[in-house]
Number of protein chains: 2
Amino acid sequence: MKALVLPAFERPEGMTTHDYAFARLRQAIMVGAFRPGTSVTIRGLAEALESSPTPVREALRQLTSIGALHFLENRRIVVPRITPARFEELISLRIVLESHAARRAVAHLSERQIDRIVAIDEAIEAAILAGEKAAALIANQQFHRQIYTANPDQIAMPLIESVWLQLGPILGIAMEHVAELYVVDRHREAIEALRRRDEDAVAEAIGADIREGIGGFDQQAIAKLLSLAG
Amino acid sequence: MKALVLPAFERPEGMTTHDYAFARLRQAIMVGAFRPGTSVTIRGLAEALESSPTPVREALRQLTSIGALHFLENRRIVVPRITPARFEELISLRIVLESHAARRAVAHLSERQIDRIVAIDEAIEAAILAGEKAAALIANQQFHRQIYTANPDQIAMPLIESVWLQLGPILGIAMEHVAELYVVDRHREAIEALRRRDEDAVAEAIGADIREGIGGFDQQAIAKLLSLAG
DNA sequence: ATTATTATTTTGTGATCACATTTTCAGAAA
DNA sequence: TTTCTGAAAATGTGATCACAAAATAATAAT
């Protein structure tokens, strides 16, 4: 078992080792640093993170609870495999959850907050132009998160992030094999609908954004990506 | 801090201490054994479960990850507080998630499986007649779970169970203060729609089941229940 | 050469300890 | 009496160890 290399991560001053381990592993999964089916071990990750096993164990309990990793029957921990059918379930669930979260956020959004969302959209475009796929993915998530968290009573965000995490590994493969990830987006429509405070139009734009964005990968395309990943 | 008493739980042969701790705590939260705002400690729970702190710590990482408990800024662990607005978010998210999950399960259900769902519905009725509220709540969940898990590629179930868990503490209060919890249900309609393989009717019946069941507690009723709980 | 058995290694689990951080309590000062 | 300060207690964190369970490798039997 060769030494594991994780994407770089800046640990903030005073962050506990457990929180650092969790945040770093979560980010790595989110940007596709682990392939579907990959086994991880407590000691392997502890070594890569330069920590003792305890914080890693606790982080792994969290990551398995949010669907980012799976505990197998034999107690091994793996990055979940994905099938075209499961990909479709993830996308359809994303559409349902995020349309709903967007709809319920509309009444809470100030013009200032919408300006902030516009700025994030510009950062997405910049990342795409620069060919920085992982940065575009993260910025795209921030775009969505900024909308949904405008609702102070929202509880959908952890669920939405869990779905995003489960998409991480396949999107990681996609980022290696397709020229651009967010060719299509409907962010302009979403922003316009937000400004009009039109809940139906917002939900429609968000749903279409997902469906026509990464949801555009059909079962054949997913199967092809999975075969490319070995 | 007085000794904690947890609802009884039958530990299966060979179950690891961690799995037992997690399952028992999860169940306790689900049936409302903890009040919103209650603080729990690792050592307190370990004592109640007759284990060392390690498995409890790992279980707490899981429970906080699925929304059943919250880590506070000061590192304390509490049962989340709930407001009428949050209750409404939980219900509306339940409606969206479960209608969707039901819809996507329809194509996968055999007659044999539907028979099993009917049997569960009968068990719910029996529990209601016997005045066993917690048993009715668990059986009601099993009714729903049986439908949604018919879809072999479904991924919504962990999200749905997280929402159920977040409703646990307030439903626990409700069980103490209302005569019956599931006065209204739309299980018959759901079952009929399942037999007809009518996705729209299934989604509609499940949505109505939730909306007219526990979703019938309006903001005033929730505020009243919260004040009764202290 | 193949299969079964045994030994070794790897990996997860639970316990315990020391330490860091937060809360509570007691005593002193205003 | 109230507020402040310092000490003690409670609580979470991380490290380490031994043990249990699973996987792999080596050896023996067919």
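Chain letters run A, B, ... following the sequence lines, proteins first, then strands; residues in each count from 1. Values reported hereafter were calculated over all heavy atoms of this structure, with side chains retained and with hydrogens, waters and symmetry mates removed.
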- Scan residues 165-176 of chain A for pairs that pass salt bridge (Lys or Arg N to Asp or Glu O under 4.0 Å), counting only residues two or more places apart or in two chains.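 Sorted pair list: A:Arg35-A:Glu176.
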
- Which salt bridge (Lys or Arg N to Asp or Glu O under 4.0 Å) pairs, counting each pair once, include a residue from residues 107-117 of chain A, with sequence neighbours left out?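 Qualifying pairs: A:Glu111-A:Arg195, A:Glu111-A:Arg197, A:Asp115-A:Arg195.
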
Distance check needed: [N] [atom2] versus [X] [atom1], whole Å only.
| X | N | atom1 | atom2 | result |
| --- | --- | --- | --- | --- |
| B:Phe71 | D:dG12 | CZ | P | 8 Å |
| A:Glu47 | D:dG14 | CD | P | 19 Å |
| A:Leu45 | C:dG12 | CG | C1' | 13 Å |
| A:Ile77 | C:dT11 | CD1 | P | 11 Å |
| B:Leu49 | C:dT13 | CG | P | 17 Å |

Side chain of [X], backbone of [Y]: donor and acceptor closer than 3.5 Å?
| X | Y | result |
| --- | --- | --- |
| B:Thr38 | B:Phe34 | no |
| B:Gln154 | B:Met157 | yes |
| B:Ser162 | B:Ile66 | yes |

- side-chain contact (heavy atoms from CB on, under 4.5 Å) with A:Asp153: which residues, sequence neighbours excluded?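 A:Asp153 satisfies side-chain contact (heavy atoms from CB on, under 4.5 Å) with A:Asn151, B:Thr83, B:Ala85, B:Arg86, B:Glu89 only.
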
- Task: Tell me which of B:Arg43 and B:Glu50 sits closer to the 5' end of DNA chain C, going by the nucleotide each one is nearest to.
- Result: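 This one resolves to B:Glu50.
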
- Message: Does the plane of the ring in B:His18 sit parallel, tilted or perpendicular to the ring in B:Phe22? Use 30° and 60° as the thresholds.
- Response: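 Geometry flag for B:Phe22 against B:His18: parallel rings.
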
- Query: Can you tell if the side chain of B:Ile170 reaches within under 4.5 Å of the side chain of B:Leu225, non-hydrogen atoms only?
  - Reply: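 Sidechains of B:Leu225 and B:Ile170: in contact.
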
- Message: Does anything in residues 12-23 of chain B come within less than 4.0 Å of DNA chain C? Heavy atoms only, and list the residues if so.
- Response: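 Those residues whose heavy atoms fall under 4.0 Å from DNA chain C, taken from residues 12-23 of chain B in numerical order, are B:Thr16, B:Thr17, B:His18.
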
- Message: Give the residues of residues 57-67 of chain B touching DNA chain C, defined as any heavy atom closer than 4.0 Å, sorted by residue number.
- Response: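 Nucleic-acid contacts, sorted: none.
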
- Message: Is the phosphate of C:dG14 approached by B:Ser52 (side-chain N or O, under 4.0 Å from OP1 or OP2)?
- Response: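 It does not, given that no N or O in the side chain of B:Ser52 lies less than 4.0 Å from OP1 or OP2 of C:dG14.
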
Can you tell me which nucleotide in [options] comes closest to the side chain of [X]?
| X | options | result |
| --- | --- | --- |
| A:Ile42 | D:dG12, C:dG14, C:dT13 | C:dT13 |
| A:Thr54 | D:dT13, C:dA15, D:dA15 | D:dA15 |
| B:Pro55 | D:dT16, D:dT11, C:dG14 | C:dG14 |

- Could you tell me whether A:Glu10 and A:Arg24 have a side-chain N and a carboxylate O separated by less than 4.0 Å?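 A salt bridge is absent here (no side-chain N lies under 4.0 Å from a carboxylate O).
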
- Query: Taking atom types as modelled, is there a side-chain donor on B:Gln113 or B:His108 under 3.5 Å from an acceptor on the other?
  - Reply: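 Short answer, no.
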
Mind listing the N/O atom pairs, protein and nucleotides 21-24 of chain D, below 3.5 Å?
from	atom 1	to	atom 2	distance (Å)
D:dA23	OP1	A:Asn74	ND2	2.5

- Do the numbers put A:Arg11 on top of the ring of A:Tyr20, so that NZ or CZ is under 6.0 Å from the six-membered ring centre and no more than 45° off the axis?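 Yes; both conditions hold, so A:Arg11 lies above the ring face of A:Tyr20.
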
